[in-house]
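Have a look at the structure below before the remarks.
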Amino acid sequence: MDLNNSNGVFEINPYSYETNNWIKRGWDIRVNNFPAEIYFDYPTKTKSVSLTGTACSLNCAHCGGHYLKGMTDVKELTAQLCSELSFSSALISGGCTQDGKVPFWDRLDLLQKLKNRKVRLNFHVGLISEKEVQLLKGLADAVSFDFVGDDDTIREVYGLEHKLEDYIRVYKDLRKQAKIIPHLTLGLKGGIWSGEEKSLDILEDLGLDGLVLNVFIPTPGTRYSDRTPPNLEEVICFLAKARVRFPKTSLALGCMRPKGSYRQKLDEASVALGINRIVIPTPKARQLVEEKGLIIKRGEECCAL
């Protein structure tokens, strides 16, 4: 990506005039509303835990249980509690039940032991009931909630009969009990745009304390393995518009995004358009931060924390 600094304005090529304009507007919003600093998160101090091992009843089109394999199993975590801990926080996640819930309530004793050891907990919970939400009070330091703004996407990706209204209900319930950071995956429906803009509309109405933006990754062994990520320039433009739309809200580029040149260009553009934090940024993004005069704040935990 070429950058030039004529007249004090950064030009980003080879994107269209419209995209460059949105990027510049995003940067102006950032300068006017945030300190000259950016958070780079390297979550080495956050333990990713699957409460269900590698089991998941949904076999979602974009995941197929693939990402559960890289998480710490409950049995392993229990053994680690007998010694000095090498982590200060934990992402509590796992496979879902057939109705789209991560059954954290089956491990409340273990979770309380983690809290007693001063471990901060960030939860993936899925579409839990109001009664189950109550169990998070005093236990969750944050809830990372995957928000989906399209009924067809919910059905195709997750195989659920739930509707957008169910996501809204759970989001409202969670906000009453814990800090909730919505996550929005761009191109979740196999790389196709489907409800992302509507999600922003709804989240703006409901209120949000932060937003994590991820990008669909074609993952081997899944039903979407042969798909492609959404168009890069469209993703960059969407991020820039989100920056303008939420001028005082912290925006993060999450860990789930394609690798290679796609990631390199996305990370650079994210710096230029005013994103507040990036998880494991690319080297060129770090270089651009210096050129933009931002101070790097290094984090060692999950970006939602």
Side-chain angles (χ1 to χ4, degrees), residues 26-27 29-30 33-50 63 67-68 70-72 85-93 114 118-125 140-147 178-186 203 208-217 229 235-236 238-240 242-243 246 248-260 262-305:
W27 177 255
I29 289 289
R30 185 202 214 293
N33 291 280
F34 295 97
E37 58 190 31
I38 187 169
Y39 287 83
F40 282 172
D41 296 318
Y42 303 86
T44 56
K45 293 292 185 180
T46 298
K47 177 75 70 175
S48 296
V49 179
S50 173
C63 173
Y67 296 100
L68 297 176
M71 304 180 78
T72 299
L85 300 180
S86 61
F87 55 94
S88 57
S89 60
L91 171 62
I92 305 301
S93 187
L114 287 171
K118 308 300 182 184
V119 176
R120 302 169 72 209
L121 302 181
N122 175 28
F123 283 80
H124 283 159
V125 294
D141 294 279
V143 177
S144 293
F145 186 70
D146 293 316
F147 200 91
K179 171 188 174 184
I180 177 170
I181 303 297
H183 286 47
L184 184 61
T185 300
L186 310 184
L203 290 171
L208 68 169
D209 299 316
L211 177 63
V212 176
L213 294 148
N214 291 313
V215 182
F216 165 72
I217 303 172
V235 168
I236 291 170
F238 184 93
L239 296 183
R243 171 73 291 162
F246 300 102
K248 298 183 183 298
T249 301
S250 178
L251 302 182
L253 184 62
C255 54
M256 302 298 291
R257 59 192 193 276
K259 297 181 179 180
Y262 190 110
R263 189 186 191 106
Q264 292 175 7
K265 295 174 182 177
L266 176 59
D267 285 15
E268 287 182 83
S270 294
V271 172
L273 63 84
I275 287 288
N276 299 96
R277 62 194 319 142
I278 301 177
V279 182
I280 314 178
T282 58
K284 287 188 177 181
R286 296 195 294 269
Q287 179 182 341
L288 180 56
V289 163
E290 297 176 2
E291 295 178 25
K292 300 286 272 183
L294 297 175
I295 297 171
I296 296 175
K297 299 285 188 177
R298 182 185 174 96
E300 296 183 317
E301 295 187 309
C302 179
C303 64
L305 291 168

Within a strict 4.5 Å, meaning less than it, do heavy atoms of the V235 and Y262 side chains meet? yes
Write down the atom of R30, the atom of P35, and the distance for their closest heavy-atom approach. NH1-O, 3.2 Å
Quiz item: cation-pi between R298 and Y42, 6.0 Å / 45°: yes
How far does CG of L186 sit from CG of L239, to the nearest 0.5 angstrom? 6.0 Å
Below 4.5 Å, heavy atoms only, C-beta onward: do F34 and N276 meet side chain to side chain? yes
Nearest 0.5 Å please: distance from the CD atom of Q264 over to the NZ atom of K259. 12.5 Å
Hey, does D267 have a side-chain heavy atom less than 4.5 Å from the side chain of L253? yes
Under 4.0 Å between a side-chain nitrogen and a carboxylate oxygen: does that hold for D209 and K179? no
Rounded to the nearest 0.5 Å, how far apart are CD1 of I38 and OG of S270? 8.5 Å
Taking R243 for its side chain and W27 for its backbone only, find out whether a donor-acceptor pair lies under 3.5 Å. no
Could you state the interatomic distance from CG (L213) to CE (M256), rounded to the nearest 0.5 Å? 14.0 Å
State, with a plain yes or no, whether a side-chain heavy atom of T185 is found less than 4.5 Å away from one of F147. no
Could you tell me if the side chain of C255 sits less than 4.5 Å from the side chain of I280, heavy atoms only? no
Check: M71 and S93 side chains under 4.5 Å, non-hydrogen atoms: yes
At what distance, to the nearest 0.5 angstrom, does CD1 of I295 lie from OH of Y39? 10.5 Å
Smallest separation among heavy atoms of F87 and K45, with atom names: CB-O, 3.3 Å
Minimum heavy-atom distance F216-P258, with the two atoms named: O-CG, 3.6 Å
List the atom of L266, the atom of I236, and the distance in Å for their closest heavy-atom pair. CD1-CG1, 4.1 Å
Would N214 and L184 count as a side-chain contact (heavy atoms from CB on, under 4.5 Å) if you check the C-alpha gap in whole Å, the side-chain angles of each, and the deciding distance to 0.1 Å? CA-CA 6 Å; N214 291 313; L184 184 61; over 6 Å; no
Only counting residues at least two apart or in another chain, list the ones meeting salt bridge (charged side-chain N to carboxylate O under 4.0 Å, His left out) with D141. K115
Test side-chain contact (heavy atoms from CB on, under 4.5 Å) applied to L114 and I92, step by step: CA-CA 11 Å; L114 287 171; I92 305 301; 4.3 Å; yes
Do side-chain atoms of R263 reach the backbone of R257 as a donor and acceptor pair under 3.5 angstrom? yes
Begin with the C-alpha distance, continue with both residues' side-chain angles, and end with the deciding distance and a verdict on side-chain contact (heavy atoms from CB on, under 4.5 Å) for H183 and F145. CA-CA 6 Å; H183 286 47; F145 186 70; over 6 Å; no
Under a 3.5 Å cutoff, is there a donor and acceptor pairing between the side chains of T46 and E301? no
From L294 atom CG to E37 atom CD, the distance as rounded to the nearest 0.5 Å: 9.0 Å
Side chain proximity check, L208 to F246, heavy atoms < 4.5 angstrom: yes
Evaluate the side-chain contact (heavy atoms from CB on, under 4.5 Å) criterion for residues S48 and T72: first the C-alpha distance (whole Å), next the side-chain angles of each, then the deciding distance (0.1 Å), finally the verdict. CA-CA 6 Å; S48 296; T72 299; 5.9 Å; no
On a heavy-atom basis, which atom in A304 and which in S144 lie closest, and how many Å separate them? CB-OG, 3.4 Å
Checking side chain to side chain contact (heavy atoms under 4.5 Å, CB included) against C302, which of N122, I181, V212, D41 comes through? N122
Over all heavy atoms of both residues, which pair between P281 and R286 is shortest? Give the atoms and the distance, please. O-NH1, 3.1 Å
